[in-house]
Amino acid sequence: MTDIHDAGNAVDRQALLQTMADMQAAHNEQVHGQWQAQGYAYYRAVWVECAELLDHYGWKWWKHQVPDLDQARLELVDIWHFGLSELLRADAMQQVLPAFEALPEESIAGEPERFRLAVEALAEASLATRAFPLDAFVAALAALPMTFTELFELYVGKNVLNRFRQDNGYADGSYRKLWQGREDNEHLMEIVAALPASTPAYPDALYAALAQRYAADTAAASADTA
């Protein structure tokens, strides 16, 4: 895997983008071998995820809310999974890097209402076009903010989690999303924070760490019912 610490220039971004594209295609094939011909409504998944994203970030004026930035970033990564799928299916990957040129490779605190409006614009554009509005997605990243490197690092983590879910019964309903009282997304964020993305065989190391926690939770649940 490409080292994310060398991700600053266009050549490196191309390598990171290719890694993400390859991982997304592999995951889509795991879900359905002929995924490109199924007509999946990726745009619909995008606007639904936008609503979940705003819930994590906070928008309610009648109660105190603290933005859950980790979960907000993961929701943007979820949107990117669907966006990548649409771009791959449309053979439009050549559009990606030019769109990301406007995204700075530095996190500077964003303005909350600007981010909320950017998320709404992303949802609106996805509904209006029934496609993936790449420029609106990049604008939402910039408004949070979230860098290309952060997107790559978390994308790899969430992609691995999605594969882990599929391998452990997500499709037939036997997978348990709550481990020790917390969602698997929360466990993923802890693992990503503790495991450098430059680790050799990074995806495999993430998968192994997830499997270890899931097995420990399964063992604890079995002991409780014994």
Side-chain angles (χ1 to χ4, degrees), residues 1-4 7 12-50 52-53 73-97 99-100 126 129-134 137-138 141 148-177 183-185 187-189 191-192 195 197 199-215:
M1 170 168 291
T2 305
D3 188 340
I4 68 164
D12 295 318
R13 284 189 172 190
Q14 179 61 57
L16 300 183
L17 178 61
Q18 188 61 55
T19 295
M20 291 189 285
D22 291 344
M23 293 183 75
Q24 188 63 46
H27 174 72
N28 289 352
E29 288 170 9
Q30 185 183 29
V31 174
H32 195 295
Q34 289 77 45
W35 64 274
Q36 291 180 315
Q38 299 310 302
Y40 295 137
Y42 293 120
Y43 81 93
R44 186 172 296 142
V46 169
W47 69 259
V48 171
E49 292 285 354
C50 284
E52 295 180 11
L53 169 55
R73 292 186 181 99
L74 277 179
E75 293 295 347
L76 282 168
V77 168
D78 284 344
I79 290 170
W80 183 229
H81 276 76
F82 298 118
L84 262 179
S85 297
E86 179 63 39
L87 291 164
L88 286 165
R89 182 172 62 183
D91 195 22
M93 291 299 294
Q94 71 278 5
Q95 300 174 10
V96 177
L97 288 183
F100 274 107
S126 67
T129 63
R130 294 192 175 186
F132 179 61
L134 180 59
F137 175 71
V138 174
L141 290 178
F148 186 89
T149 297
E150 290 169 336
L151 178 65
F152 171 78
E153 182 176 14
L154 287 178
Y155 172 85
V156 172
K158 191 57 185 287
N159 184 282
V160 169
L161 176 59
N162 286 341
R163 175 161 58 93
F164 182 81
R165 287 170 170 175
Q166 290 294 327
D167 289 346
N168 288 277
Y170 203 54
D172 64 21
S174 61
Y175 176 76
R176 291 175 294 99
K177 201 171 183 179
E183 283 201 8
D184 53 6
N185 277 328
H187 290 280
L188 173 67
M189 293 301 291
I191 292 168
V192 168
L195 188 67
T199 301
Y202 181 58
D204 293 339
L206 281 174
Y207 192 100
L210 288 168
Q212 184 177 28
R213 290 196 181 203
Y214 192 67

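We use all heavy atoms of the structure for the numbers below, so side chains are in, but hydrogens, waters and symmetry mates are not.
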Nearest atoms (heavy-atom pairs only) where [X] meets [Y]:
X	Y	result
Leu161	Leu210	CA-CD1, 3.9 Å
Val138	Ala99	CG1-O, 3.6 Å
Gly157	Val192	CA-CG2, 4.4 Å
Gln14	Leu97	OE1-CD1, 2.9 Å
Ser126	Pro133	N-CG, 3.8 Å

Using the rule ring pair (Phe, Tyr, Trp, His ring centres under 6.0 Å), only one of Phe148, Phe152, Phe100 pairs with Trp80; which is it?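 When ring pair (Phe, Tyr, Trp, His ring centres under 6.0 Å) is applied between Trp80 and each of Phe148, Phe152, Phe100, only Phe100 qualifies.
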Of Phe132, Phe82, Trp47, the residue whose pairing with Phe137 passes ring pair (Phe, Tyr, Trp, His ring centres under 6.0 Å):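 Among Phe132, Phe82, Trp47, the one meeting ring pair (Phe, Tyr, Trp, His ring centres under 6.0 Å) with Phe137 is Phe132.
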[X] side chain near [Y] side chain, heavy-atom distance below 4.5 Å:
X	Y	answer
Arg73	Val77	no
Leu188	Glu183	no
Gln166	His27	yes

Rounded at 0.5 Å granularity, tell me how far [atom1] in [X] sits from [atom2] in [Y].
X	Y	atom1	atom2	value
Asn168	Lys177	CG	NZ	14.5 Å
Phe164	Tyr175	CZ	OH	5.5 Å
Leu76	Glu49	CG	CD	10.0 Å
Leu154	Glu150	CG	CD	7.5 Å
Leu53	Leu74	CG	CG	10.5 Å
Asp78	Asn162	CG	CG	7.0 Å

For residues 159-170, which residue pairs qualify under salt bridge (Lys or Arg N to Asp or Glu O under 4.0 Å), counting only residues two or more places apart or in two chains?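 Listed by first then second residue: Arg165-Asp184.
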Give me each pair satisfying salt bridge (Lys or Arg N to Asp or Glu O under 4.0 Å) with a member in residues 79-94, each pair once, sequence neighbours excluded.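 For residues 79-94, and leaving out neighbouring residues, the salt bridge (Lys or Arg N to Asp or Glu O under 4.0 Å) pairs sorted by first residue read Glu86-Arg89.
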Contacts under 3.5 angstrom, residues 36-43 side chains, donor-acceptor by atom type, not counting sequence neighbours:
{"residue": "Gln38", "atom": "NE2", "partner": "Gln34", "partner atom": "O", "Å": "3.0"}

Which residues satisfy the side-chain contact (heavy atoms from CB on, under 4.5 Å) test with Ala21, sequence neighbours excluded?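 Counting only residues at least two positions away or on another chain, Ala21 forms a side-chain contact (heavy atoms from CB on, under 4.5 Å) with Gln18, Leu88, Met93.
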Check side-chain contact (heavy atoms from CB on, under 4.5 Å) between Glu29 and all other residues, then give those that pass, not counting sequence neighbours.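 Residues passing side-chain contact (heavy atoms from CB on, under 4.5 Å) with Glu29: Trp35.
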Salt bridge (Lys or Arg N to Asp or Glu O under 4.0 Å) partners of Arg213, counting only residues at least two apart: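 Partners of Arg213 under the salt bridge (Lys or Arg N to Asp or Glu O under 4.0 Å) test: Glu190.
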Output yes when a side-chain donor or acceptor of Tyr214 lies under 3.5 Å from a complementary backbone atom of Arg176, and no otherwise.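 Checked: pair present.
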Main-chain N/O of Met20 paired with Tyr155 side-chain donor or acceptor, under 3.5 Å: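 Confirmed, Tyr155 side chain pairs with Met20 backbone.
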